[in-house]
Amino acid sequence: MIYFDNSATTPICRRALDIYNAVSLSHFGNPSSLHAIGKDAEDVMKNARRILLASVGAQDGAIVFTASGTEANNLALFGRAHAKERYRGKKILTSAGEHASVNSPLAALRREGMTVEEIPTVGGELDLAALEDKLTPDVILVSVMMVNNETGALYDIAAVRRLIKEKCPDCALHVDATQAFFKVPFSVRGLGIGLLTVSSHKIEGPKGCGALYIDRSLLTQKGISPLILGGGQEEGFRSGTENVPGIAAFGEACLYCKENFAEFTEQTRQLRDYLIARIQSEAALAEVRPLLPPRSAPHILCLILPGIRSEVMLHALSARGISVSSGSACSSHGHVGASALLSFGCREEEADCAIRISLSHRNTREEADEFLAALSAECARLARRRK
């Protein structure tokens, strides 16, 4: 099997799995319990929280553990919109082509009376002039992903923050860093990010665990409200008994990725560049077009196929034991907003013929060669069928 769908999920690393199993067996207490076994589980969570804070480049603030990156995005968006009565009917800005876990909550907030406006991303770059124009005093939140999950485009968050500070200093900045975490270097402190979403299973941790970072200033101002009510866990922002083994394993995955960050990202970048070079130089792949944003993460490569629908190619490659995707795995259920590819500037027929390759340090050049050979063969076979 060749697995080129690491943006959908990654295999759990051995270190994270070992921690998950050890905590499940030996630290099984409810962290809200007042006895020693509960305190032991609470200490496990405190350690993971410290690791997550350091991993996102924060000195203080809150790490709210959630069940997924999707839940963390929902908490950021609904939590900000519902934090104060005076926010009702105000404006939220977001980048075009966002993930469904941002688009769907924003659609719900529109129905509540919020104004939601998109910042164009043609060519894989945020239109900063449009952002500046839309940053009016009634904007309470700007939500922009750091790395686009379909195109790999890396957006200029520093420029976004500078404009917010100049034009609308009371506005909060939310960044979905699900595809950026341990793929590109960043610091919430350096970028001035108020809310940041990350996910465990994208960095070789277990599924069922995500986190939202909340800046201390938002906590002080009570600028975000809870999404799930109950026992008041996670500083009151996310009630429910915490997934202690998953949280501990998430922390361990962070340590593993941090220790190997430079090596892993360089390996991934080299493999991506190798794929691009071969596609651009080989006659058999001349009609396959890599989508190349001006700034991009090292692990995502979107390919526009020559008149072959992505779903058809996906199944053809899967039959050969090669796993790729036709975009976000969360979009396969149909709950999507505007496609990131259309927002990039692709035509509809091109967007229907795109596949996403997403790599990890575990992938090899031999796998890349086998994938390219299969892609070439299937392009030729499927082209003949069209005739």
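- Interatomic distance, CD1 of I357 versus CG of L301, reported as 5.0 Å (0.5 Å rounding).
- When I300, L314, L291 are each tested for a side-chain contact (heavy atoms from CB on, under 4.5 Å) with R356, only one passes: I300.
- No donor-acceptor pair closer than 3.5 Å links the side chain of R216 to the backbone N or O of D60.
- Considering CG of L93 and SG of C171, their distance stands at 7.0 Å, rounded to 0.5 Å.
- Side-chain atoms of E252 do not come within 3.5 Å of backbone N or O of R15 as any donor-acceptor pair.
- Applying the 6.0 Å contact sphere to CD of E348 captures no more than 12 heavy atoms from other residues, nucleotides or ligands.
- With a 4.5 Å cut-off on side-chain heavy atoms, F250 and N243 do not count as touching.
- Taking both residues in full, the closest heavy atoms of R381 and A316 are given as NH2-CB, 3.9 Å, listed atom of the first, atom of the second, then distance.
- Of the possible polar contacts, none joining the D40 side chain to the A36 backbone as a donor-acceptor pair under 3.5 Å is found.
- Hydrophobic clustering, defined by side-chain heavy atoms of Ile, Leu, Val, Met, Phe, Trp and Tyr closer than 4.5 Å, leaves Y20 isolated from every other such residue.
- Classification of D369 and R278 as a salt-bridged pair holds, one side-chain N sitting under 4.0 Å from a carboxylate O.
- Put simply, CG on L109 and OG on S104 are 11.0 Å apart, with the number rounded to the nearest 0.5 Å.
- Of the residues Q267, R272, E266, the one that meets the side-chain hydrogen bond (donor to acceptor under 3.5 Å, both in side chains) test with Q270 is E266.
- A donor and an acceptor atom, one from each side chain of K91 and T136, are located under 3.5 Å apart.
- Contact annotation: the side chain of L52 approaches that of C254 to within less than 4.5 Å [non-hydrogen atoms, C-beta and beyond].
- Taking CD1 of I279 as the reference point, atom OG of S376 lies at 10.5 Å (rounded to 0.5 Å).
- No donor-acceptor distance shorter than 3.5 angstrom exists from the side chain of T121 to the backbone of G124, with no hydrogens or angles considered.
- A side-chain donor-acceptor contact under 3.5 Å links E204 and H361.
- Residues meeting the side-chain contact (heavy atoms from CB on, under 4.5 Å) test with K165, sequence neighbours left out: none.
- Side-chain N/O atoms of D5 and Y3 include no donor and acceptor closer than 3.5 Å.
- Checking N73 against H174 by side-chain atom types alone, a donor-acceptor pair falls below 3.5 Å.
- The shortest distance between side-chain heavy atoms of C379 and P306 falls below 4.5 Å.
- Proximity of the aromatic rings of F261 and Y256 is defined here by a centroid distance below 6.0 angstrom, and this criterion is not met.
- In this structure, the side chain of T66 does not engage the main chain of E71 through any donor-acceptor pair within 3.5 Å.
- M45 places a side-chain heavy atom less than 4.5 Å from the side chain of E234.
- With hydrogens and angles ignored, the 3.5 Å screen pairs no side-chain donor or acceptor of T10 with any backbone N or O of N6.
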Might you work through the salt bridge (Lys or Arg N to Asp or Glu O under 4.0 Å) test for R269 and D273, ending with a clear yes or no?
-> CA-CA 6 Å; R269 187 183 306 279; D273 290 348; 5.9 Å; no
For side chain to side chain donor-acceptor pair (under 3.5 Å), just list the numbers for D138 and Y87, CA-CA rounded to whole Å, side-chain angles, deciding distance to a tenth of an Å, and then say yes or no.
-> CA-CA 9 Å; D138 59 340; Y87 288 167; over 6 Å; no
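- For the residue pair H99 and Q179, no side-chain donor N or O sits within less than 3.5 Å of a side-chain acceptor on the partner.
- Around CD of E259, the count of heavy atoms belonging to other residues, nucleotides or ligands within 6.0 Å exceeds 12.
- Using modelled atom types, no side-chain atom of T178 and backbone atom of V198 make a donor-acceptor pair closer than 3.5 Å.
- Between F344 and N148, every side-chain heavy-atom pair lies at or beyond the 4.5 Å cut-off.
- In this structure R110 satisfies the side-chain contact (heavy atoms from CB on, under 4.5 Å) test together with V116, sequence neighbours excluded.
- In this structure a side-chain-to-backbone donor-acceptor pair under 3.5 Å is missing from S26 to V23.
- In the displayed structure, L34 atom CG is contacted under 6.0 Å by at most 12 heavy atoms of other residues, nucleotides or ligands.
- Side chains of T9 and H201: a donor on one and an acceptor on the other come within 3.5 Å.
- No side-chain donor-acceptor contact under 3.5 Å links T197 and D176.
- Under the 4.5 Å side-chain criterion, counting only non-hydrogen atoms from C-beta, V102 is in contact with T94.
- Between the side chains of S95 and E98, at least one donor-acceptor pair of N or O atoms lies under 3.5 Å.
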Stepwise salt bridge (Lys or Arg N to Asp or Glu O under 4.0 Å) test for R14 and D18 = CA-CA 6 Å; R14 172 54 62 180; D18 288 346; 3.4 Å; yes
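- Using a 4.0 Å cut-off between a side-chain N of Lys or Arg and a carboxylate O of Asp or Glu, E350 and R289 qualify as a salt bridge.
- The closest donor-acceptor contact from the side chain of S310 to the backbone of I355 lies at 3.5 Å or more, if one exists at all.
- Side-chain N or O atoms of R80 include none that pairs as donor or acceptor with a backbone N or O of L195 at under 3.5 Å.
- Geometrically, R238 does not engage F65 in a cation-pi contact, judged by NZ or CZ lying under 6.0 Å from the ring centre and within 45° of the ring axis.
- Taken to the nearest 0.5 Å, the CG atom of L53 stands 10.0 Å off from the CZ atom of R50.
- Taking each heavy atom of V147 and A180 in turn, the nearest pair found is CG2-CB, 3.7 Å.
- Note: L375 CG to R320 CZ = 9.5 Å, rounded to the nearest 0.5 Å.
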